[in-house]
There are 2 protein chains.
Amino acid sequence: MPTVVLHSAVVDTLGLRITGGALEPGRVLTLDSISAEFGVSRTVAREAMRVLEGLGLVRSGRRVGLVVLGMESWQVLDPRVIAWRLQGPGRVEQLRSLTEMRHAVEPLAAAGAARHAPAAVRARLGEIAGRMRALGEAGEGDHEEFLGLDVEMHELLLRHSGNELFGALTDVVAAVLSGRTALGLMPASPVPGALAQHEAVARAVAGGDADAARRAMEAIVDEVQDALDELP
Amino acid sequence: MPTVVLHSAVVDTLGLRITGGALEPGRVLTLDSISAEFGVSRTVAREAMRVLEGLGLVRSGRRVGLVVLGMESWQVLDPRVIAWRLQGPGRVEQLRSLTEMRHAVEPLAAAGAARHAPAAVRARLGEIAGRMRALGEAGEGDHEEFLGLDVEMHELLLRHSGNELFGALTDVVAAVLSGRTALGLMPASPVPGALAQHEAVARAVAGGDADAARRAMEAIVDEVQDALDELP
DNA sequence: CCTGACCGATTGGTAACACCTTTAGCAAAC
DNA sequence: GTTTGCTAAAGGTGTTACCAATCGGTCAGG
């Protein structure tokens, strides 16, 4: 998906290269080299460089050019950086980090949702859990739809957790949920235990029981974490 | 602390205004208005705008100008956005969100550190805990030094948790730790219970006991969370 | 009242320029 | 030989001027 706008295409390509390791830390770029390679004006190169700098991917210095920085200075929580890392090599490693982050955040988010979610959201959560159950019992159901429901549920919980910092992780979690099936990190067909836990979360949130919601979500992410830990 | 570079001064001021609510969502800026107000060239205004756009604070469209966006589109996990919000009104609200994020992340980070931290770090954690104990027993010790030790301990744990996403929160946590004493959200003199818990964390990490580390850290953040929940 | 064409405001992008900081290289002095 | 100091060039920083693309509102016409 080529970005329509010129400068963001440059940002994208360069971001991908740096986070992917094609441009190692210490490498030096110049505005001229960028504008030459991409066939864009210096101004566009400067704008691109400015956002890369904001993401901690490069540091710009006079007489020195744009120095590529190492991961320790990246804004690894920025959605763009996450997306780039999910594309390049180290994709599995990134998925692991993100999963651990989910492990940390989602139980508290579920508890928050039990306290703060509006009635409509609580109701929708019930619907989702019910539909998931139905799909699960139908045996080889529509994996596509199941994934969609799963994503929507986690999105709703994060978005209505009452903490905007948790909300900022919704897209990331969605990417993880989609990504792990794509990577075969997860049984394609839903696990019965997970089904029950999702129902438990929906019930607890609907009933406003924050502690039960937290425990149920802990069970879900624990399972996921275990699956990931067994990999390589 | 005025930023040396021109464009980042613009970014700072504008970022502060938007996150502080002085510029409400829907308000429209133009490059010309920016370059006029700050006395900078259009080019600089554009660079500033580009990073603001990357942070989700404004959306730029032709014939439309720069439209200020609401919090739901901000990159609330970006350190710059966090810093701005900690300065403006809503500072307490931001502190609350951040504290909840700590609550979510730090126990897992401590567990991770118990698994991954290098020997030097484990040793240093022991030193810190010991020094904190000494300061605490000395009664009215040096609050400044105590805070510094506290910050260093949490920094080390996050930085060596083995998860770079947790590591990205170090500065934030440091800001929270410093910020809450400044805001009087915390007893100036160390609580005995917290002292013991910090020692327990250090011991657990040194011994590689991930589960004990997690539990001890949970006790610490629970205490902090409770203190914050009692506010208004 | 609705529809569609037009016009202008404003960003997107380009080009060429002056300036200033920083670094590297070299020479001179100790 | 090592240190100090000068010099020159490289490359980001900031400015100005210009044209192209696009969207929003306005206004005319049905």
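Of the possible donor and acceptor atoms, one in the side chain of B:Thr99 sits under 3.5 Å from a partner among the backbone N and O of B:Leu95.
The closest side-chain donor-acceptor pair between B:Asp150 and B:His198 falls under 3.5 angstrom. Donor-acceptor pairing under 3.5 Å is recorded for the side chains of B:Thr170 and B:Arg159.
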Identify all pairs in which a protein N or O lies below 3.5 Å from an N or O of nucleotides 15-23 of chain C, and state each distance.
{"from": "C:dT21", "atom 1": "O4'", "to": "A:Arg62", "atom 2": "NH1", "distance (Å)": "3.1"}

Polar pairs (N or O, both sides) under 3.5 Å between protein and nucleotides 4-6 of chain C?
none

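Look at B:Thr30 and you won't find any side-chain N or O under 4.0 angstrom from OP1 or OP2 of C:dA9. Distances shorter than 4.0 Å separate none of the side-chain N or O atoms of A:His7 from OP1 or OP2 on C:dG12. Note on B:Arg50: every side-chain N or O is 4.0 Å or more away from OP1 and OP2 of C:dT11.
Nucleotide D:dG12 holds its P atom 13 Å from the CG atom of A:Leu52, rounded to whole Å. B:Leu6 has its CG atom 18 Å from the P atom of D:dG12, to the nearest Å. The separation between A:Asp32 atom CG and D:dT13 atom P is 13 Å, rounded to whole Å. If you take CE of A:Met49 and C1' of D:dT13, they are 9 Å apart, rounded to a whole angstrom. Nucleotide D:dG11 holds its C1' atom 13 Å from the CG atom of A:Leu29, rounded to whole Å. Rounded to whole Å, the distance from CD on B:Glu47 to P on C:dT11 is 15 Å. Atom CZ of A:Phe38 is separated from atom C1' of C:dT14 by 18 Å (rounded to the nearest Å). Rounding to whole angstrom units, CZ of residue A:Arg59 and P of D:dG12 are separated by 13 Å.
Ion pairing between a basic and an acidic side chain is recognised when a charged N comes within 4.0 Å of a carboxylate O; B:Arg59 and B:Glu53 show no such pairing. Between A:Arg85 and B:Glu164 there is a salt bridge, since at least one side-chain N of the basic residue sits less than 4.0 Å from a carboxylate O of the acidic one. Remark: B:Glu47 does not engage B:Arg50 in a salt bridge, criterion side-chain N to carboxylate O under 4.0 Å.
Considering only heavy atoms from C-beta on, A:Trp84 stays 4.5 Å or farther from A:Arg17 through its side chain. No side-chain heavy atom of B:Val76 sits less than 4.5 Å from a side-chain heavy atom of B:Ile82. Residues B:Phe166 and A:Glu100 meet the side-chain proximity criterion, which asks for heavy atoms closer than 4.5 Å.
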